[in-house]
**Student:** 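Structure in structure tokens, see below.
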Amino acid sequence: MKTVKKFYNGQPVETIRFFTVLNTHYADVETVGLEPKRKVVKLDDLTDEPNFVVTEDKVDLPKATTVKFTKGKQSDTFVMGSDEYNKFVKDNQLQPMFIERALDGKIKQYKGYHIEYTKD
């Protein structure tokens with residue numbers, strides 16, 4: 001997987017993946033150096049130049065990160081990004097782009113699944 005080099009808080013990072021939760025864009029990043037660390041940051045906080053420093057150190061994800069897949073009478077609920085969620089997506093040959101479109105309300109169903117965020 002090819003990563004994109006950016007900067008976060010003045011530190012070089014490599015982006016691992018991009019995702020959207022409740023219309024806010026995030027990136028999974030890994031710091032570059034001797035002790036690589038992974039963290040989730042808002043996409044707006046990443047820069048192309050190292051001279052821009054973001055003061056916020058922690059990003060709080062919205063609480064509604066559980067997703068419900070309903071097909072007929074069967075219903076499955078997962079924490080987005082969990083191993084169970086990723087297995088379900090892979091086993092059912094679902095594409096993240098179309099799942100996001102269903103969650104954003106741009107499409108009503110995807111491969112017969114009604115997909116929605118659930119409240120904790």
Side-chain angles (χ1 to χ4, degrees):
M1 172 185 242
K2 183 171 172 59
T3 60
V4 179
K5 292 193 180 198
K6 295 281 187 180
F7 292 89
Y8 176 74
N9 279 349
Q11 301 283 334
V13 295
E14 290 185 354
T15 56
I16 307 300
R17 70 182 180 109
F18 300 96
F19 61 98
T20 303
V21 177
L22 299 176
N23 295 324
T24 303
H25 304 290
Y26 295 93
D28 206 0
V29 299
E30 184 171 82
T31 57
V32 177
L34 296 175
E35 293 183 41
K37 294 181 183 175
R38 281 185 116 171
K39 62 173 81 174
V40 174
V41 299
K42 288 184 179 178
L43 196 56
D44 295 340
D45 294 343
L46 294 177
T47 63
D48 293 324
E49 300 292 330
N51 58 358
F52 181 79
V53 178
V54 178
T55 57
E56 184 178 318
D57 188 43
K58 181 181 173 188
V59 174
D60 293 324
L61 289 174
K63 291 184 179 182
T65 56
T66 55
V67 179
K68 182 178 178 183
F69 294 83
T70 306
K71 189 173 192 178
K73 293 183 180 183
Q74 181 182 352
S75 179
D76 296 294
T77 303
F78 304 99
V79 174
M80 185 177 266
S82 68
D83 291 339
E84 295 84 12
Y85 172 86
N86 293 333
K87 182 180 183 327
F88 180 83
V89 169
K90 183 178 179 182
D91 290 348
N92 291 286
Q93 299 176 347
L94 303 174
Q95 298 295 321
M97 175 179 68
F98 292 106
I99 293 172
E100 286 182 30
R101 286 184 181 173
L103 289 170
D104 291 341
K106 294 178 182 174
I107 58 175
K108 291 189 182 261
Q109 290 186 356
Y110 172 53
K111 289 195 175 181
Y113 289 99
H114 176 73
I115 307 167
E116 61 186 338
Y117 289 111
T118 61
K119 299 192 190 292
D120 292 324

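Throughout, numbering of the chain's residues begins at 1 and tracks the sequence.
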**Student:** More than 12 heavy atoms of other residues, nucleotides or ligands under 6.0 Å from NZ of Lys71: is that the case?
**Tutor:** yes

**Student:** If I take atom OG1 from residue Thr77 and atom CD from residue Glu116, how far apart are they, to the nearest 0.5 angstrom?
**Tutor:**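 CD of Glu116 is found 8.5 Å from OG1 of Thr77.
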
**Student:** Measuring from atom OH of Tyr85 to atom OG1 of Thr66, what distance do you get when rounded to the nearest 0.5 angstrom?
**Tutor:**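 One finds 11.5 Å between OH of Tyr85 and OG1 of Thr66.
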
**Student:** Please list, chain by chain and in numerical order, all residues satisfying side-chain hydrogen bond (donor to acceptor under 3.5 Å, both in side chains) with Asp76, sequence neighbours excluded.
**Tutor:**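 If we apply the side-chain hydrogen bond (donor to acceptor under 3.5 Å, both in side chains) test to Asp76, skipping adjacent residues, the hits are Gln74.
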
**Student:** Any idea which heavy atoms bring Thr70 and Ser75 closest together, and the distance?
**Tutor:**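 Shortest heavy-atom separation between Thr70 and Ser75 comes out as OG1-OG, 3.7 Å.
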
**Student:** With respect to Tyr26, which candidate in Thr24, Val29, Asp28 satisfies the side-chain contact (heavy atoms from CB on, under 4.5 Å) definition?
**Tutor:** Thr24

**Student:** Checking side chain to side chain contact (heavy atoms under 4.5 Å, CB included) for the pair Tyr113/Asn92: CA distance, chi angles, key distance, verdict?
**Tutor:** CA-CA 10 Å; Tyr113 289 99; Asn92 291 286; 3.1 Å; yes

**Student:** Say whether Phe18 and Val41 are linked into one hydrophobic cluster, either directly or through other cluster members, by side-chain heavy-atom distances under 4.5 angstrom.
**Tutor:** yes

**Student:** When you measure from the side chain of Tyr110 to the backbone N and O of Arg101, does any donor-acceptor pair fall under 3.5 Å?
**Tutor:** no

**Student:** Sequence neighbours left out, what passes side-chain hydrogen bond (donor to acceptor under 3.5 Å, both in side chains) with Lys111? Give chain and number order.
**Tutor:**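 Residues passing side-chain hydrogen bond (donor to acceptor under 3.5 Å, both in side chains) with Lys111: none at all.
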
**Student:** Rounded to the nearest 0.5 Å, what's the gap from CZ on Phe69 to OG1 on Thr118? Could you check?
**Tutor:**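 Separation between the atoms: 10.5 Å.
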
**Student:** Report the distance from atom NZ of Lys108 to atom CD1 of Ile115, rounding to the nearest 0.5 Å.
**Tutor:** 14.0 Å

**Student:** Is the backbone N or O of Leu22 less than 3.5 Å from a side-chain atom of Tyr117, with the two atoms forming a donor-acceptor pair by type?
**Tutor:** yes

**Student:** Atom CD of Glu100 and atom CE of Met80: how far apart are they, to the nearest 0.5 Å?
**Tutor:**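 Here the interatomic distance stands at 7.0 Å.
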
**Student:** Once rounded to the nearest 0.5 Å, what's the spacing between atom CZ of Phe88 and atom CG of Leu94?
**Tutor:**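 One finds 6.0 Å between CZ of Phe88 and CG of Leu94.
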
**Student:** Do Val67 and Ile107 share a hydrophobic cluster (ILVMFWY, side-chain heavy atoms under 4.5 Å, transitive)?
**Tutor:**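 As far as the 4.5 Å side-chain criterion goes, Ile107 and Val67 are connected within one cluster.
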
